[in-house]
Amino acid sequence: MSVIRTPFLLAAIALLPAMQSSPAWAQHPFLSEQQWSNLRREASGTASYENLRALTRLHRVPATPEFDQAANFILERAKEYGLQDVHSEQFPIDGQIHYGLMRSHVAWTVGGARLWQLEPHHTLLADWSTDPIRLADYSHSADVEAPLVDVGAGTLIGDYAGKDVRGKIVLADGVLSGVQRLAVEKYGAAGIVSDMPNQTTAWSGLDTSIVRWGHLDGSLPQGFAFMVSRATAADLRAQMLAGNPVVLGAHVEADVGPGHWTVVTATIPGTDSSAGEIVFSCHLDHQRPGANDNGSGCVTILESARMLNRLIGSGTLKRPRRTLRFIWGPEVEGTMAFLSRHPDIRRSMRADVHMDMVGGDPFKNKSVLHVTETPWSLPTFITDIGASFAESIRDAAAVYTEDGSHEDAAVVENRGGAPGTRNAFIVDETPYAEGSDHDDYDSSTVAVPSLYLRDWPDIYIHTDHDTLEQIDATKLRRVALLGAASGYSFASLDGAQSAQVLPFLASRAQQRLAKGFQRAQLLAQEATLAPDVASFEAHNLMAQMLRRDLAALQSFAAFTQSHPPELAASMAALEAQAATLNGWLDSIAAMRGVHGSTYVPASRTAAGKRVPQRIAEFGPLTFQNDDVLIDRLGPERVRKIKLLNAGSSRLLNAQDSGAIYAYEIVNFVDGKRSLGEIRDAVAGEFGPISLELVGDYLQACEEAKIIAFR
Ligand SMILES: [Zn+2]
């Protein structure tokens, strides 16, 4: 884009910093300008970057010796930084022990592994000692020399037609556990060479040198897999096509069995031990190097901890009322284990700052940092606080990139020659998305609202290219500041701040409602829905948005245990705004011939009036290595759940979104909402869905004894 600078634009640009230096960059109403600049000065991207350098040397698969080395590194740093109650805890796992609803997984110990090509050329393809990502997790011991057979994807029976793979090694690019089930379990192959592609992004397939991290099914008793790049696999296929049989020699020494997960925790005590805790979470596991996923989140909550502890310890920041807790463990599994062992801490948690991938240089790994909202089942004000800090840094960084001014406010990590970039801070706020420990915190039986910070996409996630090379020390510094400022605000927040905080929250709620109206408007005009149904769904969306944002305002009162005098007026203003927007929807409906609907919503039918309540242990129903419904009902029954089978309904308009509906349907079960009200809630959040699909899913949950109907 070429820019012609008119005198007007020049004037506007020149004015911008002066206009914005206050109040947009000062942190009113949560932090004073002095507090913000103290936090900013203390935040170090270099400290995070150097800690990350150490983590990326370790292959951090959960319940392995190298994971424990990583845990020990964090433990030692936390002690060195002067945090309190620094310790690690071990949680036994054997595939049977449960933590909350979640069944534990297995441990894995590797003595060594190598893959050689023996014929027609002699060359080394993989060596655990130098490149552990090339051995798939939960590979079993083996010592074989065998021909290689190409089975395509290897996940369908047809892939094996006319091929004898018994005792041989298969080359496959399908999902690894599926290949294991057919090639190894069913057809007797010795093992697998996999070039399974990485998670799909716009850049997929462009770089064929990438080696993906792979996992076998830890519950299966045999098989091994070596991961190779697409280029290596193409070369092997070309040799076989040319009529040269390929013979491989595979040697693996490994044990799969019982073991333990390790979780490290530390605190910065608040002044009032009964006031609850603010938790910082991340996940310490993943393949080497795993720089962005998730070494970055681990070192960044550690940096937030270091800077807060130093500033609070020195008296520069007032010690907050609530305790700050930091947790490093295996993804989801460590969180569930810790919350299960410490129900007292679980119940005392008031908010979570969760970091999973926060350091990517966007011009390298193509990432956008998303401040991710909580699901609508857990309305909260905390996302607004995190998002406003992110916006402050973003706006200052934008001015800095354009004219070089305001370097301090832009939070650039080039101090003393440090290696951070001068990049813009590419950050936005997005709706709830699944896929990390926040799923547990946000789920209804834990109900700790999570400020979830995540890079997405990352074209190198789960590969050998997720290296320190892709990481920007400037971004690490910005996110450490964002995390520390948010966590400190949550820990300090007091009802006495309501005169500043509630107008801030109310104005953001009004912006959300206005923006959400555009979705409702499209729904009201939706040609594939009958006019009265479209009108109902559009009004339902408005009703759900209003419910959520009223509850978000009320969450401030509950959090601070206060009765803010501004609350009623804030809520009334939001309701008035919704009434106006609903009137506009009525006009659209009238244009489509709807005058006083005859449509009977699901919540008023007999089937829609049944009320489910939760009866099982705490936690959501799906985890890294466990699916509660499959565990309790078996895969056959689960395949019959309509919601989880895409394309089952015209009304389920978003493909592959069954899992996110399922997560929220269970969250909305509170012993008060009827089936029809739960339908309305998820229909507003994700799009119209039939009562039948919701009922069919909850019936499976009833069979699995997760819920009971009152
Ligand atoms: Zn992750």
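Read the numbers this way: they start at 1 and go in the same order the structure lists the ligands and their atoms.
The name of the N, O or S atom in Asp356 nearest to the Zn ion (ligand 1) is OD1.
Residue Gln199 places its CD atom among more than 12 non-hydrogen atoms of other residues, nucleotides or ligands, all under 6.0 Å distant.
Proximity of the aromatic rings of His105 and Trp261 is defined here by a centroid distance below 6.0 angstrom, and this criterion is not met. Between Tyr661 and Tyr697, a ring centre-to-centre spacing not shorter than 6.0 Å is recorded.
In this structure, OD1 of Asp293 and NE2 of His283 enclose an angle of 90° at the Zn ion (ligand 1), rounded to 10°.
For His286, every N, O or S atom stays at 2.8 Å or more from the Zn ion (ligand 1).
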Task: CA sep, side-chain torsions, deciding dist, call: Leu378, Asn667, side chain to side chain contact (heavy atoms under 4.5 Å, CB included) - done: CA-CA 9 Å; Leu378 190 61; Asn667 285 338; over 6 Å; no

